[in-house]
Amino acid sequence: MSDLFISEILVLILLLPVLLRPFFRRLQRIEGIAVLPLLSLLLCLAVIAGSGLRVTFVPVLLFSILLFFSGLSRMARLFVGLPTDLFSSLSALYAGFLLLIFSAVLLCSFFSAPENAYVASGKIQRSIIAEWVSPGITARFTVLGQVPSGGSSVAPIVLFLPDIVSGADGRTTAALILAENGYTVVSADFTSKTDFNTALFSHPAIRRFITLGYRIVAERYALTDGDELFQAQAKEIIRLEQFARRRYGVNAPVFVVSEGSGSRVLLARMKAEPNLFAGGVCIVPQDFTESFSSVPGGYRTVTSESGPLPADAGGAAVLALTGDRKQLPGFGELGADDVLAALLLGGERDSGRRNAELTGRRIASWLAMRRNYENK
């Protein structure tokens, strides 16, 4: 059971006595119930601060806000010492209407509950490293693996460059599978006042929620354009590479797993500096318009229906992973982490994270093939 789903249930449990109070005299005598909408709203804010705002959590958040404002006058009466147990027939009718909404929100929470996280087969070290990058820019790096920092290791490094709607935790299953296979996996969220012209985009969680919400409504990016996004992510891949080489070995082979908008940046970087990375993976939708053919070293395309990787896949510098639109390639593990968002985008639930695990194991297999090819 995911932490987000447990948080949603806790919020709704706090609100249930508020909704039932007009119908039960025993509950009417409990004055403190008037404070529960405030506590539920504070819990919602704590959940958002801890894990970001996901579309799946929005119905619970909106219902909590509605109950907070509906009970504001009763809560104010409590604070000034006035009685709060007076309920008219109209109040009971309104509470009955809110109970119907409560039931709909509860059902939505159950049907869109995130999938359980992938459990690694061995002990994986997870480190969160916050760094000041430059004036106005800070980074929160997430590192998975068993390799200690210090620059002496030559274990292969995998950088994750997600689409703008994802973040450092957009491919947790794939990252854990790669860490199981001996890679040092590095991803990051950047807080920047200079990368984007829109002030709201300075914080990664807000940036992700706005762009994802707009993609659901209008199927395009919001408050930015392709050129600005490309320039911002071009800076991100440089910061990722510099951090990884500085901490985990300047001589270690570096691979990049990109997704969606990040794939444009990876392909451009590999064209400009063919020997910079040992190989790259692009997880993109089938209508991705960038050209793979001009990438030095060639490419191989694998779909979710094509079965095992071709025997000569390791000879290509780039692996393009794509699939049916319902699997939402390019959106991270949205079908498992933010199910309501996936459904609104026309996708489907990734039950048991099967698609996410398949993608992770395909990436691991190709990286092994690529390393064997390079070592010949």
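Hydrogens, waters and symmetry mates are skipped; everything else that's a heavy atom, side chains included, is used.
A centroid separation of 6.0 Å or more is found between the aromatic rings of F23 and F87.
Side-chain atoms of S351 and E115 include no donor-acceptor pair closer than 3.5 Å. A side-chain donor from one of Y118 and E180 sits under 3.5 Å from a side-chain acceptor of the other. S40 and S64 are linked by a side-chain donor-acceptor pair at a separation below 3.5 angstrom, with hydrogens and angles left out of the test.
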Begin from the C-alpha positions of R269 and E241 and carry the test salt bridge (charged side-chain N to carboxylate O under 4.0 Å, His left out) through to its verdict. CA-CA 12 Å; R269 194 80 192 278; E241 180 205 351; 3.4 Å; yes
Go through it in stages, so that I can follow the logic: the residues are R171 and D163, the test is salt bridge (charged side-chain N to carboxylate O under 4.0 Å, His left out), and I'd like the CA-CA distance, side-chain angles, deciding distance and then a yes or no. CA-CA 11 Å; R171 278 283 171 189; D163 186 271; over 6 Å; no
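Side-chain N or O atoms of T56 include one that pairs as donor or acceptor with a backbone N or O of V339 at under 3.5 Å. Proximity of a side-chain donor or acceptor of R21 to a complementary backbone N or O of L27 within less than 3.5 Å is detected. R74 contributes a side-chain N or O that, together with a main-chain N or O of T84, makes up a donor-acceptor pair within less than 3.5 Å.
Here the closest heavy-atom approach between residue L200 and residue I206 is recorded as O-CG2, 3.4 Å.
Note on residues 82-101: pairs passing salt bridge (charged side-chain N to carboxylate O under 4.0 Å, His left out), not counting sequence neighbours, are R25-D85. Residue pairs satisfying the salt bridge (charged side-chain N to carboxylate O under 4.0 Å, His left out) criterion with at least one member in residues 222-232, sequence neighbours excluded, are absent.
No more than 12 heavy atoms of other residues, nucleotides or ligands sit less than 6.0 Å from atom NZ of K326. By the 6.0 Å contact criterion, CZ on R140 is open, its count of non-hydrogen atoms from other residues, nucleotides or ligands being 12 or less.
Figure legend: R54 and F209 shown without cation-pi pairing, the cationic atom not lying both under 6.0 angstrom from the six-membered ring centre and within 45 degrees of its axis.
Ring planes of F102 and F63: tilted class, angle from 30 to 60°.
By the side chain to side chain donor-acceptor pair (under 3.5 Å) test, R77 pairs with no residue at all, sequence neighbours left out.
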